[in-house]
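Inspection log for the structure reproduced underneath, given as structure tokens.
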Amino acid sequence: MRTLVCCLIASLILTIGVIAKAGVEQTKHNFSSSAYSPNAFFWGTNRVCVFCHTVHNADQGSGPLWNHEVDAGQPYTMYDSPTMDMNQSPTPHMGSLICLSCHDGTIAVNSLNNVPGPGGAGTYGTPGGAGLDGVGRLSSSSHAYVGTDLSDDHPVGITYDSTQDTNFQPKTGNGQSYPDKLLSDGLYVECTSCHNPHDDTYSDFLIESNASSALCLRCHIQ
Ligand code: HEC
Ligand code: HEC
Ligand code: HEC
Ligand code: HEC
């Protein structure tokens, strides 16, 4: 009995250790590397969070303690279809712009508002990764490249309103329950509705498992 309890405690500690380690540094969103290698994104760097966040001089209008350069004036071709019923804004909202600031390929992944060390706006580290062009932007050949043409991507910039389309789950008005908890600022369908940039447990940084299309059915009824 005592051995069993010991084993249980040992495996519990192991599990906690594993859970505690699974963070952004174990994902493709860790771009740091001290030395050059063909797979290193930015060598001469040792910070992980700084590509997206800073503790000082953050761009609070864009995202939480946001550090990556964002071009709020960048035009995008939005998704369009005759069967759309909800209101779509002419450009994505911040819950998508912060992702697109890297994924549309127009801004270098290491272009920051507050570079560690010297501080101030500039670039951090030297581009080396295969998915990048010479100045550190995502290249169009990368699997992660989305581009500025969003017409072939799931619509974003949508104000979720199930009263406009009965094939959608009704809003609850409670940010803790579905579908509301997936909406950016409690209102919009954006990249962050389906993706969690810190956690790759479900691959492709999905916010939760999409087995049996469960994620789709949080909003769609069919
Ligand atoms: C590739 C970009 C990226 C990296 C790297 C990154 N984050 Fe984030 N983080 C985001 C985005 C985007 C959001 C906003 C998510 C949302 O609104 O759903 C966010 C939100 C947050 C928040 C607000 C609370 C939350 O979870 O929504 C905290 C705290 C945070 N990040 C901490 C960190 C820390 C600590 C690190 C480094 C260990 C880190 N992040 C690395 C992109 C990143
Ligand atoms: C600071 C730049 C940056 C930001 C901000 C950022 N990403 Fe990324 N992301 C990248 C890069 C670069 C890669 C490719 C990494 C690789 O290929 O190893 C990537 C990879 C990914 C992948 C995996 C693609 C694959 O090839 O498997 C997904 C999905 C993704 N990002 C979604 C998002 C979403 C959604 C957001 C916003 C919530 C976001 N990213 C914010 C730079 C960024
Ligand atoms: C409605 C949910 C949803 C929204 C909104 C969404 N994605 Fe995704 N995304 C997914 C799913 C699901 C996958 C996995 C697709 C697969 O495995 O084929 C994915 C895959 C990706 C990938 C990996 C490459 C690929 O094409 O499979 C990237 C990069 C990505 N998304 C970025 C984004 C960005 C940036 C936005 C916002 C402009 C966004 N996503 C909005 C659900 C979404
Ligand atoms: C956060 C809520 C949400 C999630 C999750 C979601 N969607 Fe959507 N989806 C929407 C909204 C809102 C629209 C726009 C509906 C409208 O305007 O009538 C839409 C539109 C679409 C359309 C285009 C419909 C048209 O009329 O052209 C397709 C197809 C679609 N979604 C498929 C998916 C798939 C597949 C998934 C799962 C990977 C998914 N959606 C996940 C909210 C969501």
Side-chain angles (χ1 to χ4, degrees), residues 21-33 38-42 45 47-55 58-60 62-70 74 76-79 91-113 123-125 127-133 136-139 141-158 160 168 179 181-186 188-200 202-211 213-220:
K21 269 198 211 133
V24 71
E25 63 275 22
Q26 261 75 49
T27 72
K28 286 188 171 184
H29 275 162
N30 180 353
F31 312 122
S32 73
S33 173
N39 300 317
F41 265 79
F42 295 96
T45 59
R47 309 282 186 86
V48 179
C49 315
V50 78
F51 287 93
C52 296
H53 306 287
T54 180
V55 281
D59 171 9
Q60 274 295 85
S62 293
L65 293 177
W66 200 248
N67 199 26
H68 191 259
E69 184 190 344
V70 174
Q74 171 66 47
Y76 293 96
T77 307
M78 304 295 275
Y79 179 88
T91 51
H93 299 107
M94 282 303 171
S96 292
L97 288 180
I98 49 179
C99 311
L100 289 167
S101 71
C102 286
H103 283 274
D104 73 6
T106 65
I107 300 175
V109 173
N110 65 339
S111 183
L112 310 182
N113 297 317
T123 53
Y124 178 48
L132 301 174
D133 70 10
R137 296 177 300 202
L138 259 180
S139 87
S141 59
S142 165
H143 182 240
Y145 178 85
V146 175
T148 58
D149 182 354
L150 307 180
S151 63
D152 58 354
D153 301 296
H154 187 283
V156 292
I158 306 277
Y160 189 94
F168 282 86
K181 69 187 276 189
L182 299 178
L183 304 178
S184 180
D185 288 332
Y188 309 119
V189 177
E190 305 292 346
C191 313
T192 49
S193 299
C194 301
H195 293 283
N196 174 354
H198 299 143
D199 188 344
D200 208 18
Y202 305 109
S203 83
D204 283 312
F205 292 99
L206 289 183
I207 212 155
E208 57 183 45
S209 167
N210 196 28
S213 299
L215 174 59
C216 314
L217 296 171
R218 297 291 191 191
C219 296
H220 292 263

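FYI, side chains are in, hydrogens and waters are out, and symmetry mates aren't considered; it's all heavy atoms of this structure. Note that ligands are numbered from 1 as they come in the structure, with each ligand's atoms numbered from 1 the same way. As the structure is a computational prediction, the values presented were derived from the model and not from experiment.
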| said: Using modelled atom types and a 3.5 Å cut-off, is there a donor and acceptor pairing between side-chain atoms of E190 and backbone atoms of G157? | reply: yes
| query | Side chain of N67, backbone of T54: donor and acceptor closer than 3.5 Å? | reply | no
| field | Non-neighbouring partners of R137 that pass side chain to side chain donor-acceptor pair (under 3.5 Å), sequence neighbours left out | value | D133
| note | ligand 1 atoms nearer than 4.0 angstrom to some heavy atom of V48 are 5 (C)
| field | Distance flag for atom 40 (N) of ligand 3, protein heavy atom under 4.0 Å | value | yes
| task | Show which atoms of ligand 1 fall inside a sub-4.0 Å distance from at least one heavy-atom site of I98. | result | 12 (C)
| said: Closer than 4.0 Å and a protein heavy atom, does any atom meet both conditions relative to atom 27 (O) of ligand 1? | reply: no
| said: Check whether N110 reaches the backbone of G125 with its side chain - one donor and one acceptor, N or O, closer than 3.5 Å. | reply: yes
| H154/Y79 under ring-ring contact (aromatic ring centres under 6.0 Å, His included): CA gap, chis, key distance, verdict | CA-CA 7 Å; H154 187 283; Y79 179 88; 7.6 Å; no
| query | For the residue pair H93 and Y188, does the interplanar ring angle fall in the parallel (under 30°), tilted (30 to 60°) or perpendicular (over 60°) class? | reply | parallel
| request: Identify which of E190, R137, K28, H103 has a heavy atom lying nearest to atom 19 (C) of ligand 2. | output: H103
| query | Is there a ring-ring contact (aromatic ring centres under 6.0 Å, His included) between F41 and F51 once you walk through the steps? | reply | CA-CA 11 Å; F41 265 79; F51 287 93; 9.1 Å; no
| N/O donor-acceptor pair under 3.5 Å between N210 side chain and L215 backbone | yes
| So does C102 have any N/O/S atom less than 2.8 Å away from atom 8 (Fe) of ligand 2? | no
| said: With the threshold set at under 4.0 angstrom, would you say A144 reaches ligand 3 through any of its heavy atoms? | reply: yes
| task | First locate atom NE2 of H195, then atom CG of L206, and finally report the distance between them rounded to the nearest 0.5 Å. | result | 6.0 Å
| When you measure from the side chain of H68 to the backbone N and O of V109, does any donor-acceptor pair fall under 3.5 Å? | yes
| request: State whether the side chain of N196 and the backbone N or O of D200 hold a donor-acceptor pair below 3.5 Å, judged by distance alone. | output: no
| query | Among all protein non-hydrogen atoms, which one is nearest to atom 42 (C) of ligand 2, and what is the separation to 0.1 Å? | reply | F31 CZ, 3.3 Å
| Out of T192, V50, I207, whose heavy atom is nearest to atom 16 (C) of ligand 1? | T192
| note | Nearest non-hydrogen protein atom to atom 17 (O) of ligand 2, with distance, is F41 CZ, 3.7 Å
| task | Could you tell me whether the side chain of H103 and the main chain of G147 form a donor-acceptor pair under 3.5 Å? | result | no
| query | Distance below 2.8 Å from atom 8 (Fe) of ligand 3: how many protein N/O/S atoms qualify? | reply | 1
| request: Enumerate the atoms of ligand 2 whose separation from the nearest heavy atom of F51 is less than 4.0 angstrom. | output: 1 (C)
| remark: Taken in chain and number order and not counting sequence neighbours, the residues that satisfy ring-ring contact (aromatic ring centres under 6.0 Å, His included) with H29 are F31, F205
| field | Near atom 8 (Fe) of ligand 1 (under 2.8 Å) - protein N, O or S atoms | value | H53 NE2, H198 NE2
| Do ligand 2 and H68 have nitrogen or oxygen atoms that lie under 3.5 Å from each other? | no
| Option nearest atom 36 (C) of ligand 2 (shortest heavy-atom distance, choices C99, G105, S184, S139) | C99
| How far is atom 25 (C) of ligand 3 from its nearest protein heavy atom, and which residue and atom is that? | H143 NE2, 3.9 Å
| query | What atoms of ligand 1 come closer than 4.0 angstrom to any heavy atom of W66? | reply | 10 (C), 11 (C), 12 (C), 42 (C)
| Rounded to the nearest 0.5 Å, how far apart are CG of D153 and OG of S96? | 10.0 Å
| said: Whether the side chain of S111 engages the backbone of A108 through a donor-acceptor N/O pair (distance < 3.5 Å, no angle test) should be reported. | reply: no
| said: Let me confirm one number: the CG-OH distance from L132 to Y145, rounded to the nearest 0.5 Å. | reply: 13.5 Å
| said: Suppose I only count heavy atoms of H29 and a 4.0 Å limit; which atoms of ligand 1 are within that range? | reply: 1 (C), 5 (C)
| query | Got a donor-acceptor contact below 3.5 angstrom from the S142 side chain to the A144 backbone? | reply | yes
